[in-house]
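Written out below as structure tokens is the structure these notes cover.
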Amino acid sequence: MIDKLEMLLALAKEKHFGHAAETLGITQPTLSAGIRKLEEQLGVRLVQRGSRYGGLTPEGQRALEWARRIVGDSRRLRDEMRASHAGLSGHLRIAVIPTALTWAARLTAGYAERHPNVTFTVLSRSSGEILQMLDNLDVDAGITYLDSEPLGRMTTQPLYHEDYALVCSPDHPLAGRDRIGWAELGDLRLCLLTPDMQNRRIINRNLMEAGVEPQVLVESNSTIVMVSNVLNGPFVTILPEDMARFTAMGHDLELVPIERRGTRPAVGLIAPHQDPRTPVLQALLKLAEGLHRQD
């Protein structure tokens, strides 16, 4: 049953029998047979079939909710049993907003030092994608904004609050200033994250509240692309201070702090609310709590 529920999860995610089979490492006929067997076991039709995948039936949507719970519980059971006899080991998948990747590195480095038998996959994603990946069991945890979007039923552990800095060349007119206001950024040639990123929406709101209509000439979902444009052209960018310091390290760039406006956005670790949590995930949350106290 667990294997067949995994098939249903993959099919609902990929929306294509061939692609779902490929992600599972099985043939398409094996996947189709598994879904039909699951339908026989449950006594309902789960998938609309025609010449191609036609979506889930209403019963299939309900079964998908149960599949996420059951598969998630089975994975947690497996992890806990492994930890009980072999110590913490396994693999953690974390999706992270681009501006928090330096904090993800702190988490993984600190975790590896304490528990060397745990490996990681770290993916850069938007805040919306992180929530979707958690719902689909594609990742185990995320690092994202805690107060900007509805998180649903999630366990949260704050890590830090964002402050922002302008990244510019040393000969820029604003270089060398102790601090600048958002209202001074209206005439600058900006590189910013794409609008699907929550960081971009926060920056847009700060600029709008300051009465500024920004000139955004380059958009990217990569902070590396943004800083590279500053290095190679007449551009500036705005980043959270921690990410700004990291990306400017070793480069001929200036960082100018930007004034705080209102409440500083909170960023933290999130994971699906579980009781009990796996030892591996519990250790990650505990480490995040320690990093928050040090910040």
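Just so you know, these numbers come straight off a predicted model, no measurement behind them.
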How long is the span from the [atom1] atom in [X] to the [atom2] atom in [Y], to the nearest 0.5 Å?
{"X": "Y53", "Y": "I35", "atom1": "OH", "atom2": "CD1", "answer": "9.0 Å"}
{"X": "R69", "Y": "L5", "atom1": "CZ", "atom2": "CG", "answer": "12.5 Å"}
{"X": "T119", "Y": "L92", "atom1": "OG1", "atom2": "CG", "answer": "8.0 Å"}
{"X": "R106", "Y": "I143", "atom1": "CZ", "atom2": "CD1", "answer": "10.5 Å"}
{"X": "I70", "Y": "E6", "atom1": "CD1", "atom2": "CD", "answer": "11.5 Å"}
{"X": "F17", "Y": "L11", "atom1": "CZ", "atom2": "CG", "answer": "4.5 Å"}

Is there a donor-acceptor contact under 3.5 Å from the side chain of [X] to the main chain of [Y]?
{"X": "S32", "Y": "P29", "value": "no"}
{"X": "E129", "Y": "S126", "value": "yes"}
{"X": "H115", "Y": "V118", "value": "no"}
{"X": "R114", "Y": "G110", "value": "yes"}
{"X": "K15", "Y": "A12", "value": "yes"}
{"X": "H251", "Y": "L253", "value": "no"}
{"X": "E39", "Y": "L46", "value": "yes"}

Q: With D242 as reference, evaluate T102, L101, V267, T247 under the side-chain contact (heavy atoms from CB on, under 4.5 Å) test and give the passing residue.
A: T102

Q.
Here's a test for you: under side-chain contact (heavy atoms from CB on, under 4.5 Å), which of N206, L239, I180, I203 qualifies with I258?
A. I180

Q: Please test R189 against V236 for side-chain contact (heavy atoms from CB on, under 4.5 Å), starting from the C-alpha separation and ending with a verdict.
A: CA-CA 6 Å; R189 299 165 65 86; V236 300; 6.0 Å; no

Sidechain N-carboxylate O distance under 4.0 Å for [X], [Y]:
{"X": "D163", "Y": "R260", "value": "yes"}
{"X": "R153", "Y": "D135", "value": "no"}
{"X": "R45", "Y": "E59", "value": "no"}

Can you confirm whether [X] is buried at [atom1], in the sense that more than 12 heavy atoms of other residues, nucleotides or ligands lie under 6.0 Å from that atom?
{"X": "E65", "atom1": "CD", "result": "yes"}
{"X": "F246", "atom1": "CZ", "result": "no"}
{"X": "E259", "atom1": "CD", "result": "yes"}
{"X": "E184", "atom1": "CD", "result": "yes"}
{"X": "E213", "atom1": "CD", "result": "no"}

If hydrophobic clusters are built by linking Ile, Leu, Val, Met, Phe, Trp and Tyr wherever their side-chain heavy atoms come under 4.5 Å apart, do [X] and [Y] end up in the same one?
{"X": "L64", "Y": "L38", "result": "yes"}
{"X": "L159", "Y": "F120", "result": "yes"}
{"X": "L188", "Y": "L217", "result": "no"}
{"X": "I224", "Y": "L190", "result": "no"}
{"X": "L166", "Y": "V225", "result": "no"}

Indicate yes or no: at least one non-hydrogen side-chain atom of [X] is less than 4.5 angstrom from one of [Y].
{"X": "T57", "Y": "V44", "result": "no"}
{"X": "I238", "Y": "V167", "result": "no"}
{"X": "Y145", "Y": "I202", "result": "yes"}
{"X": "M226", "Y": "N229", "result": "no"}
{"X": "W66", "Y": "V71", "result": "no"}
{"X": "H292", "Y": "Y160", "result": "no"}
{"X": "Q157", "Y": "K286", "result": "no"}
{"X": "R93", "Y": "L123", "result": "no"}

Of all heavy-atom pairs between [X] and [Y], which one has the smallest distance, and what is that distance?
{"X": "P98", "Y": "R125", "answer": "CD-O, 3.5 Å"}
{"X": "V256", "Y": "G176", "answer": "CG2-N, 4.4 Å"}
{"X": "P272", "Y": "D140", "answer": "CD-O, 3.7 Å"}
{"X": "S127", "Y": "R201", "answer": "OG-NH2, 3.9 Å"}
{"X": "A104", "Y": "V122", "answer": "CB-CG1, 4.2 Å"}
{"X": "F235", "Y": "C191", "answer": "CB-SG, 3.4 Å"}

Q: May I ask you to check whether E162 and Y164 show a side-chain donor-acceptor distance below 3.5 Å?
A: yes

Q: Establish, from distance only, whether the side-chain atoms of N221 and T194 form a donor-acceptor pair under 3.5 Å.
A: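 Note: N221 and T194 side chains miss the donor-acceptor criterion.
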
Q: Would you check, one step at a time, whether the test side-chain contact (heavy atoms from CB on, under 4.5 Å) holds for W182 with V212?
A: CA-CA 8 Å; W182 289 94; V212 168; 5.8 Å; no

Q: Test L269 against L107 for side-chain contact (heavy atoms from CB on, under 4.5 Å), laying out the working first.
A: CA-CA 10 Å; L269 184 72; L107 269 177; 4.2 Å; yes

Q. Yes or no on side-chain contact (heavy atoms from CB on, under 4.5 Å) for K13 and D138, after CA distance, side-chain angles and deciding distance?
A. CA-CA 10 Å; K13 177 188 174 185; D138 293 327; 3.2 Å; yes

